[in-house]
Enquirer: 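Dropping the structure in here first, questions after.
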Amino acid sequence: MSEKNPYRYNGDSLVVENNTDKNNTKSVYIESYGCAMNFSDSEIVASILSENGYKTSDDLYSADLILVNTCSIREKAELTVRKRLEKFNKVRKSNSKVKVGVLGCMAERLKHKFLEEEKIVDMVVGPDAYKDLPNLLEEIDDGKSAVNVILSKDETYGDITPTRINSNGVNAFISITRGCDNMCTFCVVPFTRGRERSRDPQSIIEELNDLNIKGFKEITLLGQNVDSYLWYGGGLKKDFSKASEIQKASSINFAKLLEMCALTQPKMRIRFSTSNPQDMSLDVIRVMAKYENICNYIHLPVQSGSDSVLKAMNRQHTRAEYIKLIEDIFKIIPDCSISHDMISGFPNESEQDHKDTLSLMELVKYSFGYMFKYSERPGTPAAKKLEDNIDEKTKSRRLSEIVELQQKHSLYRSKEFIGKTVEVLIEKESKKSNLHWAGRNQQNTTVVFPKENYNIGDFVNVKINSCTSATLVGDAIGFSKNN
Ligand code: 5AD
Ligand code: SF4
């Protein structure tokens with residue numbers, strides 16, 4: 001594995017190894033695993049550390065501090081992190097000055113194991129405790145171990161300007177909510193990231209404006225459940241009912257926030273992720289339709305097409321309700337692309353349940369999909385109450401069928417663009433050819449085209465000539481009016 005390449009896909013999740021250069025005296029090497037939220041958090045950590053004398057480095061072997069921002073969502077993600085920790089421990093043993101810290105979702109569950117039993121790290125810090133890092137670092141500098149995994153009711157890091165590390169200068173994340181109250185029975189997130197809370201909209205708009213000044217062209221509003229965003233002056237989402245009438249009347253929901261962002265920076269593209277079917281309102285879809293700079297793409301996980309599995313997952317929506325939502329989306333935004341998350345082999349999933357998943361996919365014809373085998377997570381309601389009783393072979397076979405069908409649908413959706421002109425924001429050089437640019441259209445499909453005189457960060461109209469299931473290929477016909 002290269003220690004230099006900042007962006008890698010490890011087969012399970014995106015991995016970013018961060019690097020910035022400030023005039024700080026100590027250096028920190030940060031590796032991030034898992035969801036976009038973790039990447040965004042690593043930028044918050046880098047910012048907090050840069051105020052405390054640390055510059056980020058991409059050289060593992062010369063760093064004073066090694067941090068790994070961990071993911072617990074599936075067992076495979078945890079195993080990947082564990083392997084890296086073994087490697088980091090070797091570096092730590094070869095140089096007693098080097099300290100290793102675990103951040104993120106594995107912190108709470110594995111703190112004793114890492115610190116006391118295996119003694120492979122010096123510090124364990126949960127997702128809500130990053131502001132405590134300066135104190136924790138002092139403790140480990142004194143040779144002690146340090147831990148803070150306390151989950152917060154109100155921490156949103158709204159007052160921290162993330163350090164954009166290894167950024168292409170074009171796309172950036174803005175975190176808007178933290179935690180999740182949904183309690184899907186399979187999911188560890190409510191336990192690792194705590195209760196849902198929303199960030200002050202003013203600080204979101206300030207971050208958006210700051211990114212604009214710095215030249216960024218596209219932002220993604222991030223949260224485990226963005227449609228559930230609700231600002232009423234601070235505090236947990238679940239305590240909204242206790243808010244005063246004035247607070248309730250002046251509250252800001254996701255539709256309003258999205259509109260504020262679109263209006264504040266009409267030349268920047270706005271994306272958001274992740275949406276949950278039961279929380280996505282028609283207002284949000286109407287706001288998307290109203291503003292050209294909000295991208296016509298919704299990541300709308302469903303997890304299963306079977307009502308009985310959805311119920312056992314505590315998904316709080318039925319198959320019919322989900323289909324109705326999809327119909328509403330296509331009615332209001334006909335060219336919207338939609339992606340899903342799907343889990344194969346949830347406990348007691350029958351062959352018919354699996355067929356229901358395939359038939360839902362046939363109905364929607366998703367543009368993209370993120371597909372997983374069920375992985376029992378310790379402490380979750382599913383792990384406590386349901387036996388992980390679908391054998392590995394069946395889980396894998398069902399997953400392959402889901403993946404194969406998705407590939408067919410992705411190709412079907414890609415082909416819809418042939419002959420059309422789409423607006424592309426150029427993000428990077430094409431992986432396959434240094435004569436081509438790569439970017440995405442509004443619908444989030446990758447588009448590749450000859451570079452000509454265009455540059456990274458340009459909005460370009462591209463006529464699509466051919467495609468694969470994952471990529472559109474075309475020719476630029478000029479700058480878009482957004483440029
Ligand atoms: N097993 C498999 N997949 C899971 N996900 C969350 N928890 C699990 C689990 N225990 C998937 C869901 C979710 C995505 C982020 O990860 O599909 O939407
Ligand atoms: Fe997990 Fe469900 Fe919350 Fe997504 S919505 S983070 S799957 S509990």
Side-chain angles (χ1 to χ4, degrees), residues 11-14 33-41 71-80 104-106 109 127 151 175-198 222-229 236-238 254 272-280 298-306 309-317 322 338-349 357 360-361 366 368-390 392 395-396 398-399 402-403 406:
D12 194 44
S13 53
L14 187 67
Y33 292 83
C35 65
M37 206 67 197
N38 253 15
F39 291 70
S40 174
D41 279 3
C71 171
S72 284
I73 200 95
R74 284 169 291 277
E75 191 184 15
K76 201 171 153 205
E78 283 198 355
L79 292 175
T80 307
C105 289
M106 283 169 78
R109 200 163 73 74
L151 290 170
S175 141
I176 64 162
T177 69
R178 295 184 76 80
C180 186
D181 287 348
N182 279 352
M183 297 301 276
C184 299
T185 55
F186 53 81
C187 186
V188 79
V189 168
F191 303 94
T192 59
R193 287 188 164 268
R195 299 278 69 80
E196 206 170 294
R197 66 220 98 115
S198 297
L222 270 190
Q224 247 74 42
N225 185 4
V226 284
D227 296 84
S228 171
Y229 177 89
L236 294 179
K237 165 91 186 258
K238 72 180 178 59
F254 185 57
F272 55 89
S273 186
T274 294
S275 292
N276 267 279
Q278 71 270 26
D279 294 305
M280 181 153 220
I298 304 173
H299 180 50
L300 199 62
V302 62
Q303 319 292 1
S304 168
S306 150
V309 175
L310 289 174
K311 191 152 185 259
M313 288 176 163
N314 189 32
R315 283 292 292 176
Q316 296 167 53
H317 60 82
Y322 183 83
I338 300 175
S339 61
H340 64 87
D341 286 349
M342 211 68 88
I343 296 178
S344 78
F346 188 75
N348 303 324
E349 183 189 64
T357 293
L360 178 70
M361 291 175 70
Y366 294 97
F368 322 97
Y370 303 87
M371 299 150 282
F372 315 99
K373 273 189 272 185
Y374 173 65
S375 164
E376 187 179 83
R377 306 313 295 134
T380 56
K384 284 182 184 160
K385 288 189 217 129
L386 301 168
E387 191 193 338
D388 185 5
N389 58 2
I390 307 299
E392 203 47 37
K395 275 186 191 172
S396 296
R398 289 180 185 166
L399 180 65
I402 291 170
V403 170
Q406 183 49 53

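Starting from 1, each residue takes its place in the sequence as its number. Atoms within a ligand are numbered from 1 in the order they appear, just like the ligands themselves. Note that these values count all heavy atoms, side chains included, but never hydrogens, waters or copies made by symmetry.
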Enquirer: Can you list everything that forms a salt bridge (Lys or Arg N to Asp or Glu O under 4.0 Å) with E387? Sequence neighbours excluded, please.
Expert: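 Listed in chain order: nothing, the list is empty.
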Enquirer: Side chains of N314 and T185: is there a donor and an acceptor less than 3.5 Å apart?
Expert: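 Distance-only check fails for N314 and T185.
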Enquirer: Please round to the nearest 0.5 Å and tell me the distance separating atom CD of Q278 and atom NE2 of H317.
Expert: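 Going from CD on Q278 over to NE2 on H317, the span is 5.5 Å.
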Enquirer: Among all residues two or more places apart in sequence or in another chain, which pass the ring pair (Phe, Tyr, Trp, His ring centres under 6.0 Å) test with F254?
Expert: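 If we apply the ring pair (Phe, Tyr, Trp, His ring centres under 6.0 Å) test to F254, skipping adjacent residues, the hits are F272.
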Enquirer: Ring pair (Phe, Tyr, Trp, His ring centres under 6.0 Å) with H299: which of F368, Y366, Y370?
Expert: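 Answer after filtering F368, Y366, Y370: Y370.
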Enquirer: Between N276 and ligand 2, which part of the residue brings a heavy atom under 4.0 Å of the ligand: side chain, backbone, both or neither?
Expert: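 Side chain only; the backbone of N276 stays clear of ligand 2.
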Enquirer: Run the side chain to side chain contact (heavy atoms under 4.5 Å, CB included) check on M361 and Q406 step by step: do they pass?
Expert: CA-CA 8 Å; M361 291 175 70; Q406 183 49 53; 3.7 Å; yes
Enquirer: Restricting to under 2.8 Å, identify the protein N, O or S atoms around atom 1 (Fe) of ligand 2 as residue plus atom.
Expert: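 Within the sphere that stays under 2.8 Å of atom 1 (Fe) of ligand 2, the protein atoms of type N, O or S are C187 SG.
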Enquirer: Ignoring hydrogens, tell whether any protein atom lies closer than 4.0 Å to atom 5 (S) of ligand 2; use the non-hydrogen atoms only.
Expert: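 It does; a protein heavy atom is within 4.0 Å.
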Enquirer: Check the orientation of Y374 and F346. Use parallel for under 30°, tilted for 30 to 60°, and perpendicular for over 60°.
Expert: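 Ring orientation, 0 to 90° scale: perpendicular.
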Enquirer: Between I390 and R398, is any pair of side-chain heavy atoms under 4.5 Å apart?
Expert: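 A side-chain contact exists here, since the closest heavy-atom pair is under 4.5 Å.
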Enquirer: Name the residues in contact with ligand 1, where contact means a heavy atom under 4.0 Å away: which are they?
Expert: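 Only I73, R74, F186, Q303, D341, I343, F372, K373, Y374, S375, R377 have heavy atoms that fall under 4.0 Å of ligand 1, ordered by chain and number.
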Enquirer: Give a yes or no on whether a salt bridge exists between K373 and E392, defined as a side-chain N under 4.0 angstrom from a carboxylate O.
Expert: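 Yes, this pair counts.
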Enquirer: If you apply the rule side chain to side chain contact (heavy atoms under 4.5 Å, CB included), what do you find for R178 with M37, and how did you get there?
Expert: CA-CA 9 Å; R178 295 184 76 80; M37 206 67 197; 4.1 Å; yes
